[in-house]
Amino acid sequence: MNNRIKFDRETSWEREMGNEQINFRYNIIIILIYIIGIMLIGQLFNLQILKGDTYREQSNTRLSRVTSMQSARGSIVDRTGNELAGVRTEYSVEIFKTNIANEELNETILRLVNLLNEYQVTIADAFPIKVNPFEFTIQGEELAKWKKKYKIEEEAGAEEAFYKFKDKYKIVNEDVEEIKKIISIRYKITTTGYSTTKSIIIAKDVSEEIVAQISERNNEFPGVNISEDAARTYLAGSMAAHVIGYTGKINEEEYKAKKDTYDSNDIIGRTGIEYVFEKYLKGEDGEKQMDMAVDGTITGEYVTKNATAGSDVVLTIDSNLQKVAEQALEACINKIKSGGFSQTYDAKGGSVVLMNVNTGEVLATASYPSYEPEWFVGGISPEHWNYLNTNPSHPQLNKSIQAAYEPGSTFKMITAIAGLETGAVSAKEKINDTGVYKIGNQQYKCWYYTSYHRGHGYVNVTQALQHSCNYFFYESGLRMGIDNLSKYALHFGLGRKTGIELPSESAGSVASKETKAKLRNGEGWYPGDTVISAIGQGDNNFTPIQIARYISSIANGGNVIKPTIIKSILNSDNTEVPREEIEAYTSEKLGTENVDDGITINPANIAIAKEGMRMATSEAGGTAYNIFKNFHVEVAGKTGSAEAGKDSNNNDIVDAWFVCFAPYESPEVAAVVLIENGGHGNYAAEVARDVLTQYFGMNETTTVNETTTAIPYTEEAR
């Protein structure tokens with residue numbers, strides 16, 4: 001019993017001691033919590049009350065700015081990969097709005113302008129006042145509106161207005177030139193506007209030395225940034241300019257319509273491939289985030305979205321053939337103008353087209369005179385703009401597809417085929433060319449009669465093509481009638497767009513009753529209209545690309561092909577755009593469509609036309625025999641001369657044509673040459689010879705020496 005009482009007492013004591021220890025620990029924990037709470041409250045008081053203004057100011061000095069990373073524009077290359085239009089890295093100096101004092105902003109601007117001037121960088125200055133001496137650069141109503149806008153007294157002079165802007169921008173400098181430098185940028189800021197996320201471009205395409213200076217002295221140029229862009233560059237000078245086209249800065253209207261995918265400083269295709277395939281060349285811009293202090297100091301930057309480069313457009317053009325075509329065309333035009341042939345004509349310009357007769361691929365297409373797409377990069381100069389707009393030969397006009405001309409005797413294969421198809425003439429029939437074809441009181445002379453005062457005598461269809469006998473085709477045209485003639489011309493793609501992937505293609509026109517009625521207010525059709533239409537005059541007006549298509553279709557046996565200048569489009573991920581997509585896209589973009597008239601040409605009649613063309617270049621008496629008699633590949637061709645009105649001195653304007661295909665037995669290419677006021681198709685044949693020499697890899701010097709200078713054949717219609 002006593003032991004139990006003793007044990008109970010000990011247990012009670014131990015229990016009391018344990019409770020005291022637990023209470024002690026609890027109290028310690030409570031005290032620690034209070035101490036930590038008091039410390040946190042104190043620190044919070046310190047952050048928000050005692051040092052709140054300081055930390056708020058520091059917080060406000062940290063800005064995060066998202067800027068666009070321009071995608072690299074896709075390249076335009078020839079069929080062998082030679083780059084015709086590419087990109088180069090271009091650095092621009094831009095300035096963002098920052099929270100710095102007005103005086104520091106002015107000092108920053110002056111330092112920046114002085115640095116740029118040191119490296120001979122020109123800064124666009126829209127401020128309409130010059131100094132030393134003071135004078136306005138605008139006058140009249142424009143000046144009055146400007147004064148009213150900026151609250152300047154109407155009678156105020158240039159000096160007074162200048163100093164009002166000095167006060168407006170709180171400029172403390174006294175040197176007039178320094179004040180002008182600051183005002184020029186501040187005025188641009190005023191008129192254009194900028195923000196912490198939207199910059200103003202101060203100078204474009206600056207040197208790497210300037211980039212290094214600004215980067216190293218970043219603290220001296222708060223708000224100033226260097227943007228890195230991919231600028232367009234044209235590596236081939238004027239070569240294929242009408243095909244490649246050029247780019248220009250997007251205008252306000254275009255930007256409003258495309259602001260989801262374009263920036264206000266972006267470039268956009270204006271003409272040629274640059275325009276048509278803008279969708280593929282453009283690429284997709286990326287995004288970059290920059291962290292900056294409010295004083296403009298960049299504290300960090302990183303890419304948030306990578307830019308995707310544009311697709312490369314591969315042309316069917318071969319640079320070597322293109323170069324020869326352009327040089328040969330220019331040389332021939334200059335030779336004609338200088339009297340290098342037997343007669344002198346004031347040749348104005350011309351076109352060359354070289355086409356694969358089986359695929360329709362354009363291997364070369366030249367238009368003279370030309371220009372350089374590089375002129376438009378960064379804005380065209382007044383001198384270049386004046387040249388393009390005042391030159392009577394229209395350098396910007398792509399004469400291969402945008403200008404239509406009377407085809408002259410190059411049309412005679414159409415008349416021959418149509419006559420054979422309709423039975424108006426037969427392969428063996430001979431028609432007696434007496435020199436003068438009469439319809440009532442009207443007389444239509446053969447060119448041979450004009451030159452030699454007699455006709456060709458009895459000729460069949462191949463001989464008529466060989467000698468380009470007008471009389472034969474007058475009779476053929478009248479027998480079949482204009483409806484049949486125009487039907488077969490349309491079948492071969494004449495008088496309508498080919499659908500080549502270039503903008504502003506001309507449809508031209510085919511001579512017909514409907515065409516004449518439309519062009520001449522319902523005037524009726526007469527037999528004389530038919531006979532002149534049969535030799536490629538009248539209302540027949542075709543582009544060189546249409547003629548190339550027609551000659552190719554004869555060469556390949558009657559298959560009317562579709563011309564193309566696009567080999568492929570390669571995306572930046574190395575995939576290729578499907579051909580079907582390209583064709584659907586260009587058809588919608590350019591508004592063209594294929595037309596199937598259901599006509600099938602008898603191959604025997606095609607063969608007769610081909611033989612007549614062969615005789616014109618390969619047999620004595622042919623109108624181009626002297627040009628190709630020693631050529632190493634047999635060529636089938638046709639000369640043409642078409643009257644095109646009178647010049648200012650009342651002299652006849654005669655456009656010169658030459659068309660051909662080669663080799664005769666197994667045709668590969670067709671060549672078409674047109675020279676405005678070139679006089680004789682025989683002259684134009686020299687250009688085709690030079691281009692074919694390059695195509696077939698001949699020794700050009702040997703070939704030219706073996707051939708004879710052109711002899712004129714005047715194929716006049718009237």
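Note that the structure is a prediction, hence the values are computed from the model and not measured.
- Taking T617 as the reference, nothing meets the side chain to side chain donor-acceptor pair (under 3.5 Å) condition, with sequence neighbours excluded.
- Contacts of I439 classified as side chain to side chain contact (heavy atoms under 4.5 Å, CB included), with partners at least two apart in sequence or in another chain: Y437, Y444, L478, P527, V531.
- Side-chain contact, W525 with S512: no donor N or O sits under 3.5 Å from an acceptor N or O.
- Between the E619 side chain and the R614 main chain, no donor and acceptor come within less than 3.5 Å of each other.
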Step by step, work out the side-chain contact (heavy atoms from CB on, under 4.5 Å) result for I565 and I273. CA-CA 9 Å; I565 205 159; I273 295 297; 4.1 Å; yes
Check the pair F696, F631 against ring pair (Phe, Tyr, Trp, His ring centres under 6.0 Å), reporting the backbone distance first and the verdict last. CA-CA 11 Å; F696 289 110; F631 204 65; 7.1 Å; no
Worked check of side-chain contact (heavy atoms from CB on, under 4.5 Å) between I554 and I417: CA-CA 10 Å; I554 290 176; I417 292 170; 4.1 Å; yes
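- Classification of K518 and E514 as a salt-bridged pair fails, no side-chain N sitting under 4.0 Å from a carboxylate O.
- Between the CG atom in L321 and the CG atom in D690 there is a gap of 12.0 Å [rounded to 0.5 Å].
- Between the side chain of Q322 and the backbone N or O of T365 there is at least one donor-acceptor pair closer than 3.5 Å.
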What's the verdict on side-chain hydrogen bond (donor to acceptor under 3.5 Å, both in side chains) for T543 and E505, showing C-alpha distance, side-chain angles and the deciding distance? CA-CA 9 Å; T543 62; E505 182 182 5; 5.0 Å; no
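- Remark: the backbone N or O of L363 is not paired with any side-chain donor or acceptor of D318 at under 3.5 angstrom.
- Going from atom CZ of R479 over to atom OG1 of T530 covers 14.5 Å, rounded to the nearest 0.5 Å.
- Both the sub-6.0 Å distance and the 45° axial angle are not jointly satisfied by K399 relative to the ring of Y368.
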How far apart are the C-alpha atoms of W447 and H456, what are their side-chain angles, what is the distance that settles it, and do they pass the ring pair (Phe, Tyr, Trp, His ring centres under 6.0 Å) test? CA-CA 10 Å; W447 72 268; H456 287 100; 5.7 Å; yes
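- Remark: K323 NZ is loosely packed, at most 12 non-hydrogen atoms of other residues, nucleotides or ligands lying under 6.0 Å away.
- Considering all non-hydrogen atoms of both residues, G350 and I333 come closest at N-CD1, 3.9 Å.
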Would E501 and K589 count as a side-chain contact (heavy atoms from CB on, under 4.5 Å) if you check the C-alpha gap in whole Å, the side-chain angles of each, and the deciding distance to 0.1 Å? CA-CA 9 Å; E501 305 92 343; K589 177 94 174 179; over 6 Å; no
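- One finds the CE atom of M413 at 4.0 Å from the CE atom of M613 (value rounded to the nearest 0.5 Å).
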Under the criterion ring pair (Phe, Tyr, Trp, His ring centres under 6.0 Å), I'd like the reasoning laid out for Y345 against H680: C-alpha separation, chi angles, the key distance, then a yes or no. CA-CA 9 Å; Y345 291 85; H680 304 292; 5.5 Å; yes
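- From N651, atom CG reaches atom CG of N677 across 8.5 Å, with rounding to the nearest 0.5 Å.
- Residues passing the ring pair (Phe, Tyr, Trp, His ring centres under 6.0 Å) test with H242, sequence neighbours excluded: Y371.
- Environment of NZ in K646: crowded, with over 12 heavy atoms of neighbouring residues, nucleotides or ligands closer than 6.0 Å.
- Remark: the backbone N or O of G524 is paired with a side-chain donor or acceptor of K516 at under 3.5 angstrom.
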Assess whether side-chain contact (heavy atoms from CB on, under 4.5 Å) is satisfied between F411 and F542, documenting all intermediate values. CA-CA 10 Å; F411 184 76; F542 312 131; 3.7 Å; yes
Y526 and Q442: CA distance, side-chain angles, deciding distance, side-chain hydrogen bond (donor to acceptor under 3.5 Å, both in side chains) verdict: CA-CA 11 Å; Y526 303 101; Q442 297 295 317; over 6 Å; no
Can you list the steps and then say if S319 with D78 is a side-chain hydrogen bond (donor to acceptor under 3.5 Å, both in side chains)? CA-CA 6 Å; S319 292; D78 81 343; 2.8 Å; yes
Would you sort out whether T623 and S468 count as a side-chain hydrogen bond (donor to acceptor under 3.5 Å, both in side chains), showing the intermediate values? CA-CA 7 Å; T623 56; S468 198; 5.7 Å; no
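- Here the side chain of S338 pairs a donor or acceptor atom with the backbone of K335 at under 3.5 angstrom.
- N682 and N626 share a side-chain donor-acceptor pair at under 3.5 Å.
- Distance check: Y664 OH to E634 CD gives 7.5 Å after rounding to the nearest 0.5 Å.
- Checked for salt-bridge contact, E583 and K562 miss the test: no charged N lies under 4.0 Å from a carboxylate O.
- Note: S486 OG to I414 CD1 = 11.0 Å, rounded to the nearest 0.5 Å.
- No side-chain donor-acceptor contact under 3.5 Å links E421 to the backbone of I601.
- There is no side-chain donor-acceptor pair under 3.5 Å between T515 and S509.
- A donor-acceptor distance shorter than 3.5 angstrom exists from the side chain of R549 to the backbone of I561, with no hydrogens or angles considered.
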